[in-house]
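Residue numbers start from 1 in every chain, and the chains themselves are labelled A, B, ... in the order their sequence lines are given, proteins ahead of strands.
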Amino acid sequence: MRTSWADAVANAESSAAVTSASPSNVAIGGASPSRGGRAAYVPPHLRNRQQSSESSAASSAPAPSIADSPSGIRKPAFFVASDAGGSRRSSGPIRDSVRPSSSGARGGSGGWNSRGAGWDRREREANPFADDDDDAAEAAFNSQENSGINFDAYEDIPVETSGENVPPPVNTFAEIDLGDALTENIRRCKYVKPTPVQRHAIPISLAGRDLMACAQTGSGKTVAFCFPIISAILRGTPAPRQRGSRTAFPLALILSPTRELSVQIHEEARKFAFQTGLRVVVAYGGAPINQQLRDLERGVDILVATPGRLVDLLERARVSLQHIRYLALDEADRMLDMGFEPQIRKIVEQTDMPPRGQRQTMLFSATFPKEIQRMASDFLYNYIFLAVGRVGSSTDLIVQRVEFVLDSDKRSYLMDLLHAQRDTGAHGKHALTLVFVETKRGADSLEHWLCMNGFPATTIHGDRTQQEREAALRSFKSGATPILVATDVAARGLDIPHVAHVINFDLPNDIDDYVHRIGRTGRAGKSGLATAFFNDSNASLARSLSELMQESNQEVPKWLSQYAAARSYGSGSGRSRRTGGGRFGGRDFRRDSSYNRGGGDYYSGGNGYGGGSSGAPSGYGGGYSGAGVISAWD
DNA sequence: TCTACCC
């Protein structure tokens with residue numbers, strides 16, 4: 001029962017094996033380059049702390065690796081001068097610089113950035129569509145609902161854009177000249193019509209503008225940033241050849257917060273880039289680095305990566321970011337939150353990556369808290385804010401339930417739910433259940449208990465090996481183990497078809513995480529169910545959860561409302577203030593006067609805001625700010 | 001406090 005082709009495509013995507021990611025136990029070759037004074041291995045989070053405390057001492061940065069290029073340019077690939085002053089921010093506004101991509105200056109053709117001849121590679125390129133002929137994909141592509149029902153619903157989706165000179169949206173792919181190869185791949189993907197986020201984001205991106213987009217992955221978020229990137233690279237001036245260098249110089253960088261999501265994006269991007277001559281490479285931790293190094297050496301135009309592995313590659317001088325023209329952050333609010341921000345700043349502001357204004361930066365997420373938006377503007381130049389979302393009805397695809405369950409009763413409750421689901425059989429043979437827990441240990445423990453009790457379960461979390469993680473995901477997707485116990489590693493972005501039920505065994509501490517978690521179900525037009533176990537330890541979530549459910553037209557249990565009221569009685573509820581009342585990031589923070597006092601503070605980097613909005617249905621603005629119709633949002 | 005992020 002598909003209702004959108006985008007979801008159908010997502011299904012097809014995920015049915016493809018994560019081939020590129022199949023890890024082996026090959027040892028990391030070449031050891032680590034000798035790096036004076038550098039500890040063997042410091043976990044990323046610890047290094048972040050270290051880094052931030054020594055921000056003003058340029059000399060305290062690790063000795064830069066020297067690219068082993070025979071060509072004579074021995075350039076430090078990491079911690080170069082872009083932040084020479086030691087400021088936390090990048091070096092000053094560049095508002096006067098000419099944007100390389102917006103003026104159509106690139107007239108050349110064949111701008112691929114690889115060493116070998118493009119033709120040879122085209123012949124050898126594995127067909128990324130090879131797996132699309134399986135039954136799931138066929139069903140998806142042939143389903144009538146693909147091109148019908150949901151697109152009608154899309155017409156009513158409110159769209160907010162703000163910023164200067166917003167390019168108008170397009171209605172068809174044909175209106176945009178994406179080039180022959182890409183057009184052919186669109187046909188292969190059986191994409192008929194762009195989704196709203198694509199209709200708006202692609203022209204914005206092709207115009208060379210920076211973008212902050214609130215969008216659903218299920219409706220083609222990946223397409224929204226991949227298409228313009230691929231198209232622009234093909235039209236752009238060819239990158240300088242790097243003869244004989246072992247350093248790779250990608251033109252585009254796509255970062256995502258988890259390894260599995262990077263794999264998924266890579267799989268999708270490969271299809272779009274098929275036979276364009278462009279090379280898409282993925283790099284992420286937990287997998288042997290050797291294959292990734294080989295992939296990079298063969299040339300890379302678009303690099304999809306998780307932050308940690310990319311930092312490693314930068315330190316080894318196997319990747320340089322100095323030719324980056326396009327930077328995309330998927331799940332951008334996650335990438336910029338406390339845990340990831342230092343690494344992202346390091347990559348974006350303390351390497352040889354061109355500063356904002358000289359690259360094109362695109363941020364995508366479904367949730368965009370205002371303070372994250374504010375921080376994100378550090379990375380953006382005169383950007384356009386885009387929010388695509390359904391405010392009104394029809395997000396009732398996910399039924400949300402909350403039950404009061406003591407910790408000691410959770411397993412028993414869970415078993416009841418699983419039994420009920422198994423007995424009703426209402427979800428068909430592919431019905432999958434995704435169980436979120438708070439801790440990695442809890443995940444192992446629950447998985448073990450489920451298996452002991454005859455429920456075929458597996459688990460995915462950060463303490464498992466990458467092989468185990470990917471095997472677990474495959475096993476879950478295939479239905480071999482229809483119960484997956486997961487930490488938040490699986491909360492965002494992953495397209496897993498047939499998830500009928502998301503159970504928040506432990507509720508997250510952050511309402512945004514809840515939003516992303518339950519968004520794993522209710523996809524592809526199916527009715528999804530999300531059940532949460534709530535008890536005293538979740539008190540801090542009571543208010544925001546209650547508000548969220550109200551906004552989604554869900555039935556809020558009376559006891560939860562009382563919890564929420566009690567909670568907010570004292571302090572004004574630290575929780576829901578976080579995103580300024582409208583917890584859903586459906587609004588440009590630049591329009592919020594409380595973020596704009598002092599005049600121009602946030603525009604100092606050239607982030608001019610022209611005000612106004614375009615393409616928004618009338619009367620839309622007011623209802624949106626507080627709305628949290630989020631069920632299908634990623 | 002938890003999660004995720006390189007050996």
Rounded distance in Å - [atom1] ([X]) to [atom2] ([N]):
| X | N | atom1 | atom2 | value |
| --- | --- | --- | --- | --- |
| A/Q466 | B/dA4 | CD | P | 11 Å |
| A/Q292 | B/dC5 | CD | P | 13 Å |
| A/N538 | B/dT1 | CG | P | 16 Å |
| A/R464 | B/dA4 | CZ | P | 12 Å |
| A/D512 | B/dA4 | CG | P | 18 Å |
| A/D330 | B/dC5 | CG | C1' | 15 Å |
| A/D463 | B/dC2 | CG | P | 12 Å |
| A/L336 | B/dC5 | CG | C1' | 14 Å |

- Message: By the 4.0 Å heavy-atom rule, please label A/R517 as base, sugar-phosphate, or nothing.
- Response: nothing
- Message: Regarding A/R294 and A/E297, does a basic nitrogen lie under 4.0 Å from an acidic carboxylate oxygen?
- Response: no
- Output for pair (A/E468 CD, A/D463 CG), nearest 0.5 Å, gives 10.0 Å
- Message: List the residues meeting side chain to side chain donor-acceptor pair (under 3.5 Å) with A/D333, not counting sequence neighbours, and say none if there are none.
- Response: A/S365, A/T367, A/R492
- Task: Ignoring the backbone of A/T306, work out which of B/dT3, B/dC5, B/dC2 is nearest its side chain.
- Result: B/dC5
- Query: Looking at the side chain of A/K440, which of B/dA4, B/dC2, B/dC5 is the nearest nucleotide?
  - Reply: B/dA4
- Sequence neighbours excluded, which residues qualify as salt bridge (Lys or Arg N to Asp or Glu O under 4.0 Å) partners of A/E403? none
Indicate whether OP1 or OP2 belonging to [N] is found under 4.0 Å from a side-chain N or O atom of [X].
| X | N | answer |
| --- | --- | --- |
| A/R441 | B/dT3 | no |
| A/R259 | B/dC5 | yes |
| A/T258 | B/dC5 | no |
| A/K346 | B/dC5 | no |

- Message: Run A/T247 and A/S320 through side chain to side chain donor-acceptor pair (under 3.5 Å) and show every step you take.
- Response: CA-CA 6 Å; A/T247 305; A/S320 161; over 6 Å; no
